[in-house]
Amino acid sequence: MSVTVRVPAKVNVQLAVGAPRPDGFHDLANVFLAVGLYDEVNVSPADALTVTCSGPDAAQVPLDAGNLAARAALALAERHGIAPDVHIHISKDIPVAGGMAGGSADAAAALVACDALWATGATRDELLAICAELGSDVPFSLIGGAALGVGRGEQLTPIDVGGTFHWVFAVADGGLSTPAVYGEFDRLTAGTDVPAPEASPALLDALRTGSTDVLAKALSNDLQPAALSLRPSLADTLAAGTGAGALAALVSGSGPTTAFLAADAEAARKIADTLRTSGTCRTARVAVSPAPGATIV
């Protein structure tokens with residue numbers, strides 16, 4: 001027997017970041033939107049816990065106990081007194097280390113898959129609690145759709161979405177370390193009064209009404225200056241996408257993937273074609289949102 005779970009990438013349509021907390025984290029107002037780029041995670045019984053990976057940039061994915069999917073299996077097994085003897089295979093399609101929560105998505109998918117394989121009967125709240133222990137983005141990967149994350153992003157309130165949004169994602173060469181981007185944010189804001197993060201009412205309304213034009217005006221990412229400081233070439237990618245007709249552009253999360261909001265599917269296709277030949281990114285992907293969370297297939 002084996003179980004396969006499909007799980008989406010995410011884009012942060014708003015990422016408001018507060019000052020560093022005593023525990024080293026930052027308070028956030030993080031508006032997540034799941035997008036239709038997916039990883040698939042398959043789990044099957046094995047003699048020991050093992051991880052394999054295939055797909056774009058699979059060589060960059062750790063295959064040891066530090067892999068988030070492996071940690072998810074271990075966490076669920078420990079709670080239920082089960083030996084975590086499973087083979088986890090990750091079929092990657094979400095950019096690796098790209099600010100789109102690929103590792104977090106795999107953790108959520110492995111958790112759902114192992115829960116089904118082992119028939120633990122875990123409640124949704126229990127699964128979400130394990131997700132929060134694994135990382136700030138993991139709970140959203142479980143639920144999908146759209147949500148406001150506060151605290152360090154793990155305390156979620158689902159948001160209704162009233163329409164379909166069309167996106168282009170430009171994939172950069174190499175990754176950016178999330179801790180390094182937050183460290184650069186702290187350096188750039190040192191000595192300033194960093195406001196408490198709050199969700200934008202205009203942005204939340206744009207999601208609820210499905211208004212692409214209003215959403216375009218409300219997109220924001222407080223980590224973008226830090227990502228651009230560490231990777232100045234991303235400015236050229238952003239300019240290429242907006243020059244090709246994107247209604248808005250921003251760095252996705254901590255980067256280096258950049259996200260472009262398009263008016264419709266045809267506009268998205270044209271933006272992606274331009275980006276692929278611009279010399280400013282490795283490739284460009286088209287996707288729509290919202291997308292469902294971790295789902296058994």
Side-chain angles (χ1 to χ4, degrees), residues 8-18 20 24-26 28 30-35 37 39 53 55-62 66-69 90 92-107 134-138 140-141 149 152-153 167-190 194 197 219-242 246 248-261 275-276 278-285 287:
K10 61 84 180 168
V11 62
N12 304 97
V13 289
Q14 180 188 4
L15 182 49
V17 181
F25 289 102
H26 298 69
L28 305 175
N30 194 354
V31 182
F32 296 100
L33 189 59
V35 300
L37 298 176
D39 283 358
C53 186
D57 301 321
Q60 298 179 36
V61 177
N67 181 286
L68 269 178
I90 303 168
K92 290 298 298 181
D93 197 38
I94 301 172
V96 176
M100 299 189 74
S104 297
D106 297 340
L134 293 167
S136 299
D137 288 347
V138 183
F140 178 71
S141 296
R152 53 184 173 82
W167 296 92
V168 179
F169 296 96
V171 181
D173 282 314
L176 267 178
S177 159
T178 297
V181 174
Y182 273 97
E184 183 68 359
F185 170 86
D186 292 341
R187 187 187 72 82
L188 293 174
T189 58
V194 178
L219 295 177
S220 66
N221 180 2
D222 287 353
L223 291 182
Q224 181 161 309
L228 290 173
S229 176
L230 295 175
R231 188 76 69 85
S233 61
L234 294 180
D236 294 333
T237 314
L238 293 169
T242 52
L250 79 169
V251 173
S252 179
S254 57
T257 300
T258 45
F260 303 87
L261 183 61
L275 283 165
R276 290 186 191 109
S278 69
T280 66
C281 61
R282 180 152 53 98
T283 190
R285 306 287 304 280

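Values reported hereafter were calculated over all heavy atoms of this structure, with side chains retained and with hydrogens, waters and symmetry mates removed.
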Considering only heavy atoms from C-beta outward, does the side chain of [X] approach that of [Y] to under 4.5 Å?
X: K10; Y: S104; value: no
X: D106; Y: K92; value: yes
X: L238; Y: Q224; value: yes
X: D137; Y: F32; value: yes
X: V181; Y: L230; value: yes
X: T189; Y: V17; value: no
X: V96; Y: V61; value: yes
X: M100; Y: V35; value: yes

**Request:** Mind listing the closest non-hydrogen atom pair of D186 and P20 along with its distance?
**Result:** OD1-CG, 3.5 Å
**Asked** What pair of heavy atoms forms the shortest contact from G102 to I94, and how long is it?
**Response** CA-CG2, 3.7 Å
Counting N and O atoms only, with roles assigned by atom type, does the side chain of [X] sit under 3.5 Å from a partner on the main chain of [Y], one being a donor and the other an acceptor?
X: D236; Y: T280; answer: no
X: T258; Y: T237; answer: no
X: N221; Y: G253; answer: yes
X: D93; Y: L37; answer: no
X: N67; Y: A69; answer: yes

**Item:** Geometric class of the H26/Y182 ring pair [parallel <30°, tilted 30-60°, perpendicular >60°]
**Value:** tilted
Could you pull out all donor-acceptor pairs under 3.5 Å where a side-chain atom in residues 168-178 meets a protein atom, sequence neighbours excluded?
unit_1: D173; atom_1: OD1; unit_2: R282; atom_2: NE; d: 3.2
unit_1: S177; atom_1: OG; unit_2: A180; atom_2: N; d: 3.2
unit_1: T178; atom_1: OG1; unit_2: S254; atom_2: OG; d: 2.9

**Prompt:** Just one of L219, N12, L15 clears the side chain to side chain contact (heavy atoms under 4.5 Å, CB included) bar with L250, so which one?
**Reply:** L219
